[in-house]
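Below you'll find the structure, written out as structure tokens, and then a few comments.
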Amino acid sequence: MPYKSEFLRVLEERGFIHQISDPEDLDEKAATERITAYIGFDATAPSLHAGSLVPIMMLYWLQRTGHKPIVLMGGGTTKVGDPSGKDESRKLLSDEEIERNIAGIRKVFDKFLTFGEGPTDAVMMNNAEWLDELKYIPFLREYGRHFTINRMLTFESVKRRLEREQPLTFLEFNYMILQAYDFLELYRRQNCILQMGGSDQWGNIVNGIELIRRVEGAQAFALTSPLLTTASGAKMGKTAAGAVWLDADLLSPYEYWQYWRNTEDADVGRFLRLFTTLPLDEIRRLEQLQGAEINEAKKILATEATAMVHGREAAEKAAETARKTFEEGQLGEALPTVEIPRAELEKGLGLLRAMVLAGLAKSNGEARRAVKGGGVRVNDTKVTDERMVLTPEHINENGVIKLSFGKKRHVLLKPVQGRDS
């Protein structure tokens, strides 16, 4: 449908909308008044990864179009674990671990949203504020009666566990009730009328809408985005080397830039819409490029996506490093660097161990297969001997050893004094 509100129009044009409850009513509200919306993020890791960028960008566009975003941190629900999309229970974290994770995640949101006291300024809230204070029996009497086991068993996250005969704990079974209660609390505290999330969250969000209707007699809304995979079916935010973290301490801006540079041709236009703020006319021009020219569009995607997370200066530095490394054969200064004890190098550092230390392989066996496959180079020289030993003689004029796996993964080994092996 053609939307009147800028908010829904932008989300639709850029590919963020999968389902909306009562779309006409939500569109009318977003067109005539300032609405408050939230997305929840559980604090299961010290940072978010690229798989969380769709909901982050939804909050970004919500604020940019004149509305108020709430980032709800799951300090309480992280202690329970969301079964949606999971085949097994999550490891339970301590309160201290959860608090550290929330602090790390906050740094990510500071790059995308403006926080403060203004009418459209974002706020970050923690559902532990109300969930930790619940008295369980009174809570069940007051709110549990609004949920039937019959309906809860129809949710995809529950059915999947049962069909695969994977345990679904009673702790996790409570999650959907707690998420619905979050929506009710945010409605009461912030007049929040919209919850957004991935399409796997639809049932949980609708639970919250129904709870608000039954308890408060008010209308609330759900908006979900498509679950995102690459054109080849791979899950967003993960690579063979691990998660694509949004924190520079966990993944360097250069490696982040390379992740987007390696986008499949068929995904370039879609990713430009979702993960950059480039004008749609420019995106349409870029996605029409064919053959080798599509690589220019990928570089623009990589630079713009990296600028969103790490800033324009870091993004352009990463792009320049890639240009020097791949087009001029030089040593880019922003390449990932791993320090190694010089004493270990003087004793002789096996190539396979070096690759593991550099993060280019997860094990000696994987490193050995890479060497046998002809994909490993030391200082740009192909290596065929898996028993090769690195010594101080391999240190180049820049004081490092350049270790490469394939054409696009490079790490600098920097010998340092006074560190134990």
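Atom set for the values below is all heavy atoms of this structure, side chains included, hydrogens, waters and symmetry mates excluded.
Side chains of Trp260 and Thr306: no donor on one and acceptor on the other come within 3.5 Å. No hydrogens or angles considered: a donor-acceptor pair under 3.5 Å links the side chains of Ser5 and Asp27. A donor-acceptor contact closer than 3.5 angstrom is absent between the side chains of Thr120 and Gln63. Between Glu264 and Ser232, the side chains place a donor N or O and an acceptor N or O closer than 3.5 Å (distance only, hydrogens not considered). Inspection of the His18 and Ser225 side chains reveals no N or O donor paired with an N or O acceptor under 3.5 Å. The closest side-chain donor-acceptor pair between Asn207 and Glu210, if any, does not fall under 3.5 angstrom. For the residue pair Glu366 and Ser363, no side-chain donor N or O sits within less than 3.5 Å of a side-chain acceptor on the partner. Side-chain polar atoms of Gln201 and Gln179 form a donor-acceptor pair below 3.5 angstrom. A donor atom on one side chain and an acceptor atom on the other are found under 3.5 Å apart for Asp42 and Thr77.
Between the CG atom in Asp110 and the NZ atom in Lys107 there is a gap of 10.0 Å [rounded to 0.5 Å]. Atom NE2 of His410 sits about 13.0 Å away from atom OG1 of Thr337, to the nearest 0.5 Å. Distance CG/Asp25 to CD1/Ile20: 11.5 Å, rounded to 0.5 Å. Interatomic distance, Glu386 CD to Asn364 CG, rounded to the nearest 0.5 Å: 10.0 Å. Note that CD1 of Ile56 and CG of Leu274 are 13.0 Å apart. Values are rounded to the nearest 0.5 Å. In this structure, Leu272 CG and Glu287 CD are separated by 8.0 Å, a value rounded to the nearest 0.5 Å.
Side-chain atoms of Glu316 do not come within 3.5 Å of backbone N or O of Glu313 as any donor-acceptor pair. A donor-acceptor contact shorter than 3.5 Å links the side chain of Asn262 to the backbone of Gln258. Remark: side-chain polar atoms of His394 are paired, donor with acceptor, to backbone N or O of Thr391 under 3.5 angstrom. The backbone N or O of Ile35 lies less than 3.5 Å from a partner atom in the side chain of His67, making a donor-acceptor pair. Formation of a donor-acceptor pair under 3.5 Å by the Thr263 side chain with backbone atoms of Asp267 is not found in this model. No side-chain donor-acceptor contact under 3.5 Å links Lys402 to the backbone of Val378. For Thr229 (side chain) and Lys235 (main-chain N/O), no donor-acceptor pair under 3.5 Å exists by modelled atom type. Formation of a donor-acceptor pair under 3.5 Å by the Lys111 side chain with backbone atoms of Ala307 is not found in this model. Between the Arg368 side chain and the Leu352 main chain, no donor and acceptor come within less than 3.5 Å of each other.
No side-chain heavy atom of Thr36 sits under 4.5 Å from any side-chain heavy atom of Tyr187. With contacts defined as side-chain heavy-atom distances shorter than 4.5 Å, the pair Leu178/Leu131 qualifies. Here the side chains of Met125 and Leu186 are in contact, with some heavy-atom distance below 4.5 Å. Considering only heavy atoms from C-beta on, Ser21 comes within 4.5 Å of Trp202 through its side chain.
The number of heavy atoms from other shown groups lying within 6.0 Å of NZ (Lys372) does not exceed 12. The neighbour count for Lys298 NZ, taken as heavy atoms of other residues, nucleotides or ligands under 6.0 Å away, is above 12.
With Tyr38 as the partner, the side-chain contact (heavy atoms from CB on, under 4.5 Å) test is satisfied by one option alone out of Ile193, Leu62, Asp182: Asp182.
Remark: Glu6 does not engage Arg64 in a salt bridge, criterion side-chain N to carboxylate O under 4.0 Å. Salt-bridge check for Glu13 with Arg273: failed, with every basic side-chain N at 4.0 Å or more from each acidic carboxylate O. Between Glu320 and Lys317 no salt bridge is recorded (no basic side-chain N to carboxylate O distance below 4.0 Å). By the 4.0 Å N-to-carboxylate-O rule, Arg189 lies close enough to Glu129 to be salt-bridged with it. For the pair Arg261 and Glu255, the salt-bridge criterion is not met [side-chain N within less than 4.0 Å of a carboxylate O].
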*Evaluate the criterion salt bridge (Lys or Arg N to Asp or Glu O under 4.0 Å) for residue pair Arg100 and Glu96; output intermediate values, then yes/no.*
CA-CA 6 Å; Arg100 281 198 301 271; Glu96 293 74 19; over 6 Å; no
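Taking each heavy atom of Leu59 and Phe41 in turn, the nearest pair found is CD1-CE1, 4.1 Å. For the residue pair Trp61 and Thr277, the shortest heavy atom distance occurs at CZ2-CG2, 4.0 Å.
Phe115 carries Arg106 over the face of its six-membered ring, with the cationic atom under 6.0 Å from the centre and within 45° of the normal.
Ring geometry for His49 against Trp245 counts as perpendicular: the plane angle is over 60°, on a 0 to 90° scale with 30° as the lower cut.
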